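Note that these values count all heavy atoms, side chains included, but never hydrogens, waters or copies made by symmetry. All of these numbers come straight from a predicted model, not from anything done at the bench. First listed ligand is number 1; within each ligand, the first listed atom is number 1.
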Amino acid sequence: MAKTFKYVILGGGVAAGYAAREFAKQGLKPGELAIISKEAVAPYERPALSKAYLFPESPARLPGFHVCVGSGGERLLPEWYNEKGIELILSTEIVKADLAAKSLTSAGGETFSYQILLIATGSTVIRLSDFGVQGADAKNIFYLREVDDADKLYEAIKAKKNGKAVVVGGGYIGLELSAVLRLNNLDVTMVYPEPWCMPRLFTSGIAAFYEGYYAKKGVNIIKGTVAVGFTANSDGEVKEVKLKDGRVLEADIVVVGVGGRPQTALFKGQVEEEKGGIKTDAFFKTSVPNVYAVGDVATFPLKLYNELRRVEHVDHSRKSAEQAAKAIKAAEEGKTVEEYDYLPYFYSRSFELSWQFYGDNVGDTVLFGDSSPESSKPKFGSYWIKDGKVVGAFLESGTPEENQAIAKVARVQPPVQDVDQLASEGLSFASKI
Ligand code: FDA
Ligand code: NAD
């Protein structure tokens, strides 16, 4: 017998938690909503895993960072779901989704049916074995996506005290993990193929600061090459990383962050896709009636740029989830909500650093402020200018007011007459808007 719910959220990550809160706010009867998650714990703020979860002193642990603390809200403990009559179906992986029959089947053979489905399956990591890298299944080669992964990495960090770590990838995971491994006093080397770190977002000028700062903190950086193989000792534990340029690095721990992939496989051929994600409208409704998709898996209309986009960051996962829950509840009353009008917002933190970015990173760029890695108080930023307007803004070490100012610039898109003047005005240009 299938368990039946009015609403099912498939996935138990950030979007699931924020959607549940919004459903509850809008009015929910006990037993109407279920969250089905392959993770063993209630929704939590995933960004903690690459930061405070791995700190050497007083690391963050659940229940400390369940949603919705990441955006300043009340923490939703498992008891909260209980009180609201929301069923948390944990440690349950869905292996088959039949959208026409409105039915989900778990690995354990249970079936679940729903009236409305919210797909919130997030991303999975790309593995080096996907590119056929030799020896990539050795012990102590880690990926980081879920709390289980973080627990295994934490154990290895403790077991390999003062050892050597190699971080493969120069993106978000690469930069955040290199920092936290260094804080744990490991000897850290980062390896990535591009000419500078985080090329998805950073300009060469921005990257030069972080590379210099990381070097000062003792992180070795090897650019322009990739890991092509690993050797292991007789216990099967990784010992060496072989690089394409012929170098060989010793390693007790390897952390890989070579990108994510949205988890859409369950729905292939059943729902329209676009740009690698599930295509939605401005209410996160998919091409299948009564099926919504939110968070990392959704390719949605980014109104500000008049373009369909997928965004793999936490702020959007929270807001898209809230938008979908509001739209679902409004539709039941024959009402509509306003279209999603998202301003992209990404951030990261490592060592004593903290940056925020708003808008679109396209067009020409200007760097402003003190971006010397040697500086005792570095503070700098960058604007992106397209068609004579500022469309994106980045700021390292901003105050809350300054971060608000750069968000406003990216939203308002003021015209720029003189790029040199913009560079010399720097942050004060944003503060005037
Ligand atoms: P999310 O990945 O959170 O949740 C998906 C859930 O679905 C998981 O619980 C998964 O187990 C479950 N699931 C998937 N398939 C299933 C199936 N078949 N059956 C059952 N359950 C299934 N962003 C940012 O802006 N700032 C930051 O600092 C960070 N930091 C950060 C650190 C780390 C380590 C990661 C991995 C990611 C970040 N991010 C981030 C990105 C951010 O966390 C991400 O965009 C959101 O978690 C996406 O939320 P979702 O709910 O879409 O997916
Ligand atoms: P990413 O896309 O940020 O970075 C991938 C990096 O992998 C590239 O920059 C490149 O340097 C490297 N790379 C690609 N192929 C390689 C190869 N063959 N060998 C070596 N390096 C290679 O992805 P990620 O850092 O793995 O992050 C995974 C997901 O988690 C993303 O969705 C990301 O947005 C999310 N995340 C976000 C944050 C944040 O927003 N602060 C933090 C952590 C994770």
Side-chain angles (χ1 to χ4, degrees), residues 9-19 35-51 53-54 67 70 89-97 104-107 118-126 128 130-131 133 143-150 153 167-177 190-194 196-202 222-223 225-228 243-244 255-267 277 293-298 310-318 320-321 344-350 354-357:
I9 302 174
L10 175 50
V14 176
Y18 281 77
I35 293 177
I36 306 177
S37 177
K38 75 177 160 58
E39 290 190 81
V41 293
Y44 57 89
E45 302 284 1
R46 196 164 305 285
L49 297 183
S50 51
K51 305 175 188 71
Y53 202 85
L54 300 172
V67 296
I89 302 170
L90 302 176
S91 307
T92 301
E93 183 178 7
I94 295 300
V95 292
K96 185 168 178 261
L104 305 172
T105 309
S106 74
L118 203 61
I119 300 172
T121 42
S123 300
T124 184
V125 295
I126 296 175
L128 290 176
D130 299 346
F131 325 124
V133 174
Y143 296 83
L144 184 59
R145 185 77 213 175
E146 300 188 345
V147 79
D148 274 359
D149 304 322
L153 175 56
V167 174
V168 179
Y172 286 95
I173 291 285
L175 283 166
E176 293 182 7
L177 264 294
M190 276 180 92
V191 182
Y192 47 89
E194 295 94 350
W196 65 78
C197 63
M198 193 88 90
R200 267 208 300 168
L201 177 65
F202 289 179
I222 300 180
K223 305 194 251 189
T225 190
V226 293
V228 289
L243 304 185
K244 197 173 181 181
V255 177
V256 182
V258 295
R261 189 180 285 139
Q263 304 216 70
T264 57
L266 282 174
F267 314 102
V294 293
D296 280 12
V297 293
R310 211 168 56 72
V311 173
E312 293 178 357
H313 293 275
V314 75
D315 178 62
H316 161 71
S317 68
R318 295 169 179 153
S320 58
Y345 162 47
F346 318 146
Y347 71 88
S348 182
R349 289 193 297 272
S350 59
S354 167
W355 60 256
Q356 300 203 354
F357 166 82

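The side-chain heavy atoms of Tyr345 and His313, taken from C-beta on, include no pair separated by under 4.5 Å. Taking 4.5 Å as the limit, every side-chain heavy atom of Val256 sits out of range of all side-chain heavy atoms of Val125.
Counting heavy atoms only, Gly257 comes closest to atom 6 (C) of ligand 2 of the residues Gly257, Ser348, Gly174. Of the candidates Tyr143, Tyr172, Trp355, it is Tyr172 that places a heavy atom closest to atom 42 (C) of ligand 2. Comparing Glu176, Arg200, Glu194 against atom 33 (C) of ligand 2, the shortest heavy-atom distance belongs to Arg200.
If you look at Met198 next to ligand 2, there are no close heavy atoms at all, none under 4.0 Å. If you look at Phe346 next to ligand 2, there are no close heavy atoms at all, none under 4.0 Å. Counting heavy atoms closer than 4.0 Å to ligand 1, residue Arg349 contributes nothing at all. Contacts of Glu146 with ligand 1, taken as heavy-atom pairs under 4.0 Å, involve the side chain alone. By the criterion of a heavy-atom distance under 4.0 Å, the backbone of Ala120, and not its side chain, is placed next to ligand 1. Contact annotation: for His313 versus ligand 2, heavy atoms closer than 4.0 Å belong to the side chain alone. With a 4.0 Å cut-off on non-hydrogen atoms, Leu266 touches ligand 1 through its side chain and not its backbone. Within the 4.0 Å heavy-atom criterion, both parts of Lys38, backbone and side chain, lie near ligand 1. If you look at Tyr347 next to ligand 1, the close heavy atoms, those under 4.0 Å, come from the backbone and the side chain alike.
Near Glu39, with a cut-off below 4.0 Å to any heavy atom, the atoms of ligand 1 are 8 (C), 9 (O), 11 (O). Counting the atoms of ligand 1 from 1 in the order shown, those under 4.0 Å from a heavy atom of Gly295 are 52 (O). Ligand-side atoms of ligand 1 in range of Ser317: 46 (C), 48 (C), 49 (O), range being under 4.0 angstrom from any heavy atom. The contact set between ligand 1 and Lys51, taken as ligand atoms under 4.0 Å from a residue heavy atom, comprises 27 (C), 28 (O), 29 (C), 30 (N). With ligand atoms numbered from 1 in the order given, ligand 1 contributes 41 (C), 45 (O) to contacts under 4.0 Å with heavy atoms of Glu312. Per-residue contacts place Thr121 under 4.0 angstrom from the following atoms of ligand 1 (heavy atoms of the residue considered): 5 (C), 7 (O), 14 (C), 15 (N), 16 (C).
Judged purely by atom type and a 3.5 angstrom limit, Thr92 uses its side chain to pair as donor or acceptor with the backbone of Leu90. Using modelled atom types, one side-chain atom of Glu45 and one backbone atom of Gly70 make a donor-acceptor pair closer than 3.5 Å. Here the side chain of Asp130 pairs no donor or acceptor atom with the backbone of Ile126 at under 3.5 angstrom.
At under 3.5 Å, a nitrogen or oxygen of Val314, whether backbone or side chain, sits near a nitrogen or oxygen of ligand 1. Annotation: Ile94 places an N or O atom under 3.5 Å from an N or O atom of ligand 1; distance criterion only. At least one N or O atom of Asp296, backbone or side chain, sits closer than 3.5 Å to an N or O atom of ligand 1. Here's the thing with Glu93: none of its N/O atoms is less than 3.5 angstrom from an N/O atom of ligand 1. Below 3.5 Å of separation, one finds an N or O of Val14 facing an N or O of ligand 1.
Checking Tyr172 against Glu312 by side-chain atom types alone, no donor-acceptor pair falls below 3.5 Å.
Considering only non-hydrogen protein atoms, atom 29 (C) of ligand 2 sits nearest to Arg145 NH1, 4.0 Å. Among all non-hydrogen protein atoms, the one lying nearest atom 19 (N) of ligand 2 is Val226 CG1, 3.4 Å. Atom 16 (C) of ligand 2 has its closest protein heavy atom at Val258 CG1, 3.6 Å. For atom 26 (O) of ligand 2, the nearest protein heavy atom (residue, atom name, distance) is Gly259 N, 2.8 Å. In terms of protein heavy-atom proximity, atom 32 (O) of ligand 2 is nearest to Glu312 OE1, 2.3 Å. Looking from atom 4 (O) of ligand 2 to the surrounding protein, the closest heavy atom is Gly171 CA, 3.4 Å. What sits closest to atom 20 (C) of ligand 2 on the protein, heavy atoms only, is Val168 CG1, 3.4 Å.
Within the 4.0 Å heavy-atom shell around ligand 1 one does not find Thr124. Close to ligand 2: Pro193, with a non-hydrogen atom less than 4.0 angstrom away.
With values rounded to the nearest 0.5 angstrom, Glu93 atom CD is found 12.0 Å from Ile36 atom CD1. For the atom pair CD1 (Ile94) and CG (Leu104), the distance works out to 5.0 Å, reported to the nearest 0.5 Å.
Closest approach of Val297 to Gly122, counting heavy atoms only: CG1-O, 3.2 Å.
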